[in-house]
Protein chains: 2
Amino acid sequence: MKSQKELSKTDHSTEDKIKNAARLIFHKKGYAATRTRDIAEEAGINLALLNYYFRSKEKLFDIIMLESLQGFLHSIKEVFNNEETSLENKIETLVSNYIDLLIEQPDIPLFLLSELRNNPNELVSKINIKQVLMNSYFIKQFKHAMNDGIIATMNPLHFIMNILGMTVFPFIASPILKSLSDISPADFEDLMNQRKILIPNWIKGMLIV
Amino acid sequence: MKSQKELSKTDHSTEDKIKNAARLIFHKKGYAATRTRDIAEEAGINLALLNYYFRSKEKLFDIIMLESLQGFLHSIKEVFNNEETSLENKIETLVSNYIDLLIEQPDIPLFLLSELRNNPNELVSKINIKQVLMNSYFIKQFKHAMNDGIIATMNPLHFIMNILGMTVFPFIASPILKSLSDISPADFEDLMNQRKILIPNWIKGMLIV
DNA sequence: GTCTATAACGTGATAGAC
DNA sequence: GTCTATCACGTTATAGAC
């Protein structure tokens with residue numbers, strides 16, 4: 001239950017106030033549409049202070065971007081490299097954790113994907129997503145099960161696309177989905193919580209030999 | 001096979017040159033990050049002409065946005081309201097059409113979803129997505145099959161999220177996915193083409209009672 | 001550290017010649 | 001219709017007082 005604390009992090013220092021405001025607005029509007037004035041106002045401080053602490057809009061953005069990316073990968077990393085849990089259990093945990101995360105911070109995926117779009121970013125290589133995902137214990141288990149004929153043979157990328165697609169996409173597309181049905185935010189959250197059970201079941205269905 | 005023609009539309013008139021350039025850059029960078037100067041350069045004309053023809057950046061954007069949204073919905077509309085085809089056939093056709101469309105114009109989904117994010121846009125209601133999707137012949141077939149016990153019972157929204165999630169998400173997340181494996185653009189396209197067959201099969205698996 | 005005032009710059013839009 | 005030159009404005013960033 002750290003999420004609430006995570007969101008409105010310790011707002012003690014001015015530096016933290018600015019960072020929290022920046023995260024909020026960058027996530028919501030993206031780099032280009034964000035004005036440093038908005039961040040300053042949201043933080044309740046003066047515009048000059050932003051440059052005093054972070055030098056420039058871009059530097060501040062880079063910090064937020066890095067942290068957001070790391071935070072988002074953190075969930076996967078922990079689950080994927082747990083050597084105690086089964087393949088099935090990993091899927092259930094991952095989906096459930098992500099849905100919880102996305103209910104709290106629904107803006108993160110669209111933010112990350114938009115900002116990563118054109119920047120074959122140094123960040124992506126710095127964070128080394130490849131190492132985290134493709135060399136994980138999870139992938140080992142997956143390939144092992146395929147070799148043993150326990151699950152159907154497929155490129156692990158398909159598998160990752162399906163899990164992430166079914167889990168993350170509804171949040172990215174929520175503006176449209178909400179307009180499809182006359183669905184309230186509470187209803188939407190209910191639907192997403194249902195998916196904690198549904199998605200792992202669907203995924204299992206895909207793996208049957 | 002209209003797609004090629006669709007993309008580089010008749011570049012005859014200056015107006016079309018500007019629109020095509022605008023579409024290209026807006027799709028790639030979004031509204032805020034796009035400079036009218038970039039559009040003018042891409043179109044090979046002068047900045048003043050852009051305002052001469054379209055009055056303002058925003059007006060030009062609105063046109064591109066509307067057309068893009070309509071184009072994207074067009075695929076669904078046609079497939080979903082065909083009263084001759086089966087439920088299974090509709091799924092196969094929709095997935096296949098979308099993958100073809102996204103291979104040609106991979107920037108569209110992220111563009112639409114980003115720009116729609118904060119605008120409970122008049123557009124969304126003007127286009128009336130709800131009407132197109134939820135009152136379609138497809139949804140009728142779907143509910144019918146559920147009532148008859150032919151397919152598993154679930155909220156149709158889950159179903160739509162799954163199809164779109166599995167189909168569209170890989171394109172949205174392609175920068176990350178490409179960095180995961182050392183996958184070439186051609187390999188990525190191959191993977192996506194595989195999914196024309198795979199996704200409908202997975203979806204059918206979800207529907208088994 | 002924090003503020004006000006202002007400089008420096010980029011961008012959308014227009015005037016006016018051709 | 002198309003161009004060059006320029007305006008008008010908003011935004012980032014800094015100087016300098018407190």
Side-chain angles (χ1 to χ4, degrees), chain A residues 8-68 111 114-115 117-119 121 123, chain B residues 8-68 107 111 114-115 117-119 121-123:
Chain A
S8 55
K9 294 207 170 97
T10 49
D11 247 13
H12 301 322
S13 68
T14 302
E15 192 170 338
D16 283 341
K17 271 193 236 166
I18 298 173
K19 267 181 62 175
N20 290 332
R23 177 167 31 245
L24 189 74
I25 298 186
F26 278 139
H27 281 186
K28 191 148 56 187
K29 313 214 290 182
Y31 178 80
T34 294
R35 298 176 311 154
T36 51
R37 281 170 164 77
D38 294 336
I39 296 176
E41 190 188 358
E42 174 71 30
I45 52 95
N46 189 276
L47 172 58
L49 272 185
L50 189 151
N51 290 288
Y52 173 77
Y53 278 104
F54 295 96
R55 205 46 207 167
S56 75
K57 177 187 178 182
E58 201 177 348
K59 291 250 198 328
L60 175 55
F61 176 80
D62 287 344
I63 292 171
I64 299 299
M65 185 69 183
L66 181 66
E67 287 186 5
S68 301
F111 166 76
S114 296
E115 300 299 337
R117 171 164 41 176
N118 285 315
N119 323 4
N121 216 304
L123 273 186
Chain B
S8 54
K9 294 207 169 95
T10 50
D11 247 15
H12 300 324
S13 68
T14 302
E15 193 170 338
D16 283 341
K17 271 192 238 165
I18 298 173
K19 266 182 63 175
N20 290 332
R23 178 167 31 246
L24 187 74
I25 298 187
F26 278 139
H27 281 186
K28 192 146 57 184
K29 312 214 291 182
Y31 179 80
T34 293
R35 298 176 311 152
T36 51
R37 283 170 165 77
D38 294 336
I39 297 176
E41 191 188 357
E42 174 72 31
I45 51 95
N46 190 276
L47 172 58
L49 271 185
L50 189 151
N51 289 289
Y52 173 76
Y53 278 103
F54 296 95
R55 235 353 240 183
S56 75
K57 177 187 179 183
E58 200 178 350
K59 291 249 197 329
L60 175 53
F61 177 81
D62 287 344
I63 292 172
I64 299 299
M65 184 69 183
L66 181 65
E67 288 187 3
S68 302
D107 287 329
F111 166 76
S114 296
E115 299 300 336
R117 170 164 43 176
N118 286 316
N119 322 4
N121 217 303
E122 344 72 73
L123 274 186

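Chain A is the first sequence line, chain B the second, and so forth, proteins listed ahead of strands; every chain is numbered from 1.
Between the CD1 atom of A/I18 and the P atom of C/dG1 there is a distance of 11 Å, rounded to whole Å. When rounded to the nearest whole Å, the span between CG of A/L50 and C1' of C/dT4 equals 16 Å. One atom, OH of B/Y53, and another, P of C/dT14, lie 17 Å apart when rounded to the nearest Å. If you measure from atom NZ of A/K57 to atom P of D/dA13, you get 8 Å, rounded to the nearest angstrom. Rounded to an integer number of Å, the gap from B/F54 CZ to C/dA13 P is 13 Å. The CD-C1' distance, from B/E41 to C/dT11, rounds to 15 Å in whole Å. Between the CZ atom of B/R55 and the C1' atom of D/dG1 there is a distance of 17 Å, given to the nearest Å. Following rounding to the nearest Å, B/E58 (CD) and D/dC9 (C1') show an atom-to-atom distance of 16 Å.
Residue B/L47 is in base contact, counting any heavy-atom pair closer than 4.0 Å across all strands shown. Contacts of A/S13 with the nucleic acid, taken as non-hydrogen atoms under 4.0 Å apart, are absent.
Looking at heavy atoms from C-beta onward, B/H27 lies in side-chain contact with B/I64 at the 4.5 angstrom threshold. Contact check for B/F111 versus B/K28: no side-chain heavy atoms found under the 4.5 Å cut-off. Side-chain contact between A/E115 and A/F26 is absent, with no heavy atoms from C-beta onward closer than 4.5 Å. In this structure the side chain of A/Y53 never reaches within 4.5 angstrom of the side chain of A/L60, judged on heavy atoms.
The side chain of B/R37 has C/dG12 as its nearest neighbour among D/dT4, C/dG12, D/dT14. In this structure, of D/dA13, C/dA13, D/dT2, it is C/dA13 that holds the atom nearest to the side chain of B/S56. For B/Y52, the listed nucleotide lying nearest its side chain is D/dT2; candidates were D/dC3, D/dT2, C/dT2. Out of C/dT11, D/dA15, D/dT4, the shortest distance to the side chain of B/A48 is found at D/dT4. Comparing atom distances between the A/N46 side chain and each of C/dT4, C/dT2, D/dT2 picks out C/dT4 as nearest.
The side chain of A/T14 places an N or O atom within less than 4.0 Å of a non-bridging phosphate oxygen (OP1 or OP2) of C/dT2. Considering only side-chain N and O atoms, B/N51 lies nowhere under 4.0 angstrom from the phosphate OP1 or OP2 of C/dG12.
Judged purely by atom type and a 3.5 angstrom limit, A/N20 uses its side chain to pair as donor or acceptor with the backbone of A/D16.
DNA chain D is contacted by both A/T34 and B/L49; B/L49 maps to the nucleotide lying nearer its 5′ end (nearest heavy atom per residue).
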